[in-house]
Chemist: 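Sharing a structure below in structure tokens format, with a few things to ask.
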Amino acid sequence: MSGSSPLSPILAVGSVALDTIKNPFGEVSRVVGGSATYFSVAAAFFTDVRLVAVVGEDFADRGAELFEGRRIDLAGLQTVPGETFRWKGEYGFDLNTRETIYTKLNVFEQFEPTIPDAYRTSPVVFLGNIHPRLQLEVLDQVEKPHLVAADTMNYWIEGAPEELREVLKRVDILIINDAEARELSGEANLVKAACVIRAMGPSTVVVKKGEHGVLMTRPCEGEFFAAPAMPLEQVFDPTGAGDTFAGGFVGSLAACGEMSDAAMARAIIYGSTIASFAVEEFSLDRLLRLTQEDIKERFGLFRRLTYFDEG
Ligand code: AMP
């Protein structure tokens with residue numbers, strides 16, 4: 001897990017979805033979502049991404065408007081008969097709580113990821129939130145990557161715990177939200193939870209805490225690095241913020257090719273920066289209009305947000 005030339009491209013597997021989202025501002029139906037979608041669009045601001053996923057015929061030509069013109073290779077995106085993965089979530093009034101109304105795996109039920117030959121030597125693999133069996137099937141088809149990062153969700157922690165444990169043994173960095181970290185570890189305290197999870201395999205655990213930011217713990221001198229979330233007046237739809245964070249974080253690491261303390265901290269801030277845009281509008285709407293200049297400007301605001309001198 002070290003070096004200073006780019007570790008690129010990233011091979012990313014996860015869901016590509018049609019989401020229905022209800023929040024205090026309204027409801028949208030069948031908008032594009034999915035863990036791999038948010039991840040890939042975010043990571044492609046930093047490096048090349050190879051997307052592995054499946055959609056149904058109802059996805060039609062939405063892939064073109066999303067992925068074309070970006071650093072995203074679609075040779076591993078299959079279209080098969082049937083319906084695309086569907087998920088519905090409903091948010092409470094402060095947007096901090098979310099209930100899953102349904103999860104319909106649809107075409108993911110029969111999906112067998114086939115990694116194109118050219119993808120097998122990808123130096124970085126991101127296992128987005130999807131059935132851990134699929135995450136394992138992807139890992140089985142690649143030559144040992146330099147870096148494996150993963151995400152998961154309560155749905156899989158509860159539904160496929162044994163396969164998830166197998167995945168974790170093969171992961172370097174787990175990116176997970178606070179509720180999931182507590183559920184996976186059985187520990188209420190997040191520091192203890194991260195410690196228990198590290199004993200399951202990942203040497204680095206990044207805990208996403210929504211509007212309260214991110215806590216990373218890893219084997220280094222200080223052990224912890226924390227970042228706040230960007231204070232935003234306009235938070236519209238937090239869906240996909242976690243996957244977008246992961247895309248910025250892993251994308252930044254892959255682009256610089258280093259796992260030093262400085263590179264890891266910078267990646268946390270890039271992840272937080274890009275996630276702060278994702279929440280400003282429904283679906284991927286804001287991310288699709290995002291520019292490198294926007295990212296650079298907000299990255300600068302992050303620096304000011306936490307800067308202090310010793311006096
Ligand atoms: P996040 O808000 O970062 O947790 O990600 C939300 C996205 O994850 C939505 O676009 C959903 O389509 C997708 N999603 C929700 N549940 C699952 C699941 N069980 N497996 C894979 N993807 C999911």
Side-chain angles (χ1 to χ4, degrees), residues 12-23 28-43 51-56 59 62 66 83-92 95-109 111 113 126-135 138 149-161 163-164 167 174-181 183 206-211 214 229 235-250 271-272 274-287:
V13 65
S15 57
V16 174
L18 293 177
D19 289 343
T20 296
I21 298 157
K22 192 171 174 197
N23 70 23
V28 288
S29 285
R30 299 189 190 176
V31 294
V32 175
S35 55
T37 315
Y38 283 104
F39 176 89
S40 302
V41 170
L51 174 62
V52 173
V54 63
V55 291
F59 203 70
R62 289 170 129 156
L66 275 173
E83 293 198 327
T84 300
F85 177 98
R86 298 221 177 152
W87 174 82
K88 178 172 180 180
E90 188 171 336
Y91 289 85
L95 299 177
N96 280 327
T97 53
R98 176 173 85 187
E99 192 188 343
T100 291
I101 308 299
Y102 60 69
T103 303
K104 297 180 183 169
L105 298 179
N106 296 336
V107 290
F108 268 103
E109 246 164 321
F111 180 52
F126 178 70
L127 306 171
N129 176 27
I130 197 62
H131 198 303
R133 173 181 59 77
L134 299 177
Q135 295 178 320
V138 168
D151 191 356
T152 192
M153 204 169 168
N154 53 355
Y155 190 84
W156 306 115
I157 295 170
E158 291 153 25
E163 285 148 306
L164 181 59
V167 173
L174 183 69
I175 303 162
I176 189 169
N177 80 27
D178 44 2
E180 292 151 1
E183 186 169 0
V206 178
V207 182
K208 300 169 284 184
K209 301 185 292 172
E211 68 172 341
V214 183
V235 177
F236 196 69
D237 175 21
T239 307
D243 306 306
T244 306
F245 167 85
F249 174 70
V250 179
S272 306
I274 197 157
S276 76
F277 288 106
V279 303
E280 289 181 343
E281 293 177 31
F282 270 126
S283 184
L284 285 97
D285 291 358
R286 181 67 184 98
L287 288 183

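Ligands are counted one by one from 1 in listed order, and the atoms in each one are counted from 1 as well.
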Chemist: Less than 4.0 Å is my threshold; does some heavy atom of Phe85 fall inside it relative to ligand 1?
Modeler: yes

Chemist: Between ligand 1 and Gly33, is the shortest N or O to N or O distance under 3.5 Å?
Modeler: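 No, since none of the N or O atoms of Gly33 sits under 3.5 Å from an N or O of ligand 1.
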
Chemist: Show the atoms of ligand 1 that are less than 4.0 angstrom away from any heavy atom in Gly240.
Modeler: 1 (P), 2 (O), 3 (O), 5 (O), 6 (C)

Chemist: Which atoms from ligand 1 have a heavy atom of Tyr38 less than 4.0 Å away?
Modeler: 10 (O)

Chemist: How close does the nearest protein non-hydrogen atom get to atom 9 (C) of ligand 1, and which residue and atom is it?
Modeler: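 Atom 9 (C) of ligand 1 sits closest to the protein heavy atom Asp19 OD2, 3.2 Å.
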
Chemist: For residues Arg86 and Asn106, determine if any side-chain heavy atom of one lies less than 4.5 Å from a side-chain heavy atom of the other.
Modeler: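 With C-beta onward as the side chain, the pair touches.
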
Chemist: Taking atom types as modelled and ignoring hydrogens, do the side chains of Thr239 and Tyr38 form a donor-acceptor contact shorter than 3.5 angstrom?
Modeler: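 Result is no, nothing qualifies.
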
Chemist: I would like to know whether Phe111 and Leu134 meet side chain to side chain contact (heavy atoms under 4.5 Å, CB included); could you show each step before the answer?
Modeler: CA-CA 8 Å; Phe111 180 52; Leu134 299 177; 3.9 Å; yes

Chemist: Can you name the atoms of ligand 1, numbered from 1 with element, that are less than 4.0 Å from a heavy atom of Arg98?
Modeler: 1 (P), 2 (O), 4 (O)

Chemist: Pull out every atom of ligand 1 sitting under 4.0 Å from any heavy atom of Gly242, numbered as shown with elements.
Modeler: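 The list of qualifying atoms is 3 (O).
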
Chemist: Inspect the surroundings of CZ in Arg98 and state if more than 12 heavy atoms from other residues, nucleotides or ligands are less than 6.0 Å away.
Modeler: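 More than 12 heavy atoms, drawn from other residues, nucleotides or ligands, come within 6.0 Å of this atom.
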
Chemist: Give the atom numbers and elements of ligand 1 that come within less than 4.0 Å of a heavy atom of Gly34.
Modeler: 9 (C), 10 (O), 12 (O)

Chemist: Does an N or O anywhere in Thr239 fall below 3.5 Å from an N or O of ligand 1?
Modeler: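 By distance alone, the answer is no.
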
Chemist: Check whether Thr84 reaches the backbone of Gly56 with its side chain - one donor and one acceptor, N or O, closer than 3.5 Å.
Modeler: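 Such a contact is found between Thr84 side chain and Gly56 backbone.
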
Chemist: Which class fits the ring pair Phe245 and Phe249: parallel under 30°, tilted 30 to 60°, perpendicular over 60°?
Modeler: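 It falls in the parallel class, under 30°.
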
Chemist: Against heavy atoms of Trp156, which atoms of ligand 1 measure under 4.0 Å?
Modeler: 18 (C), 19 (N), 20 (N)

Chemist: Looking only at N/O atoms, are Met153 and ligand 1 under 3.5 Å apart anywhere?
Modeler: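 By distance alone, the answer is no.
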
Chemist: Looking at atom 7 (C) of ligand 1, what's its closest protein heavy atom, distance included?
Modeler: Asp243 OD2, 3.7 Å

Chemist: Quick one: does any side-chain atom of Glu281 pair with a main-chain N or O of Asp237 as donor and acceptor, under 3.5 Å?
Modeler: no

Chemist: For atom 13 (C) of ligand 1, what is the nearest protein heavy atom, given as residue, atom name and distance?
Modeler: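 Checked against all protein heavy atoms, atom 13 (C) of ligand 1 sits closest to Ser15 OG, 4.0 Å.
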
Chemist: Can you check whether Phe85 reaches Leu105 side chain to side chain, under 4.5 Å on heavy atoms?
Modeler: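 They are in side-chain contact.
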
Chemist: Within the 4.0 Å heavy-atom shell around Ala17, which atoms of ligand 1 are there?
Modeler: 12 (O)

Chemist: Can you name the atoms of ligand 1, numbered from 1 with element, that are less than 4.0 Å from a heavy atom of Tyr155?
Modeler: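 Those of ligand 1 that fall under 4.0 Å from Tyr155 are 19 (N).
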
Chemist: Are the side chains of Glu180 and Asn129 in contact, using a 4.5 Å heavy-atom criterion?
Modeler: no

Chemist: Step through the shown structure and confirm whether more than 12 heavy atoms of other residues, nucleotides or ligands are within 6.0 Å of NZ on Lys209.
Modeler: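 Enclosed.
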
Chemist: Return the closest protein heavy atom for atom 23 (C) of ligand 1 as residue, atom name and distance.
Modeler: Asn129 ND2, 3.4 Å

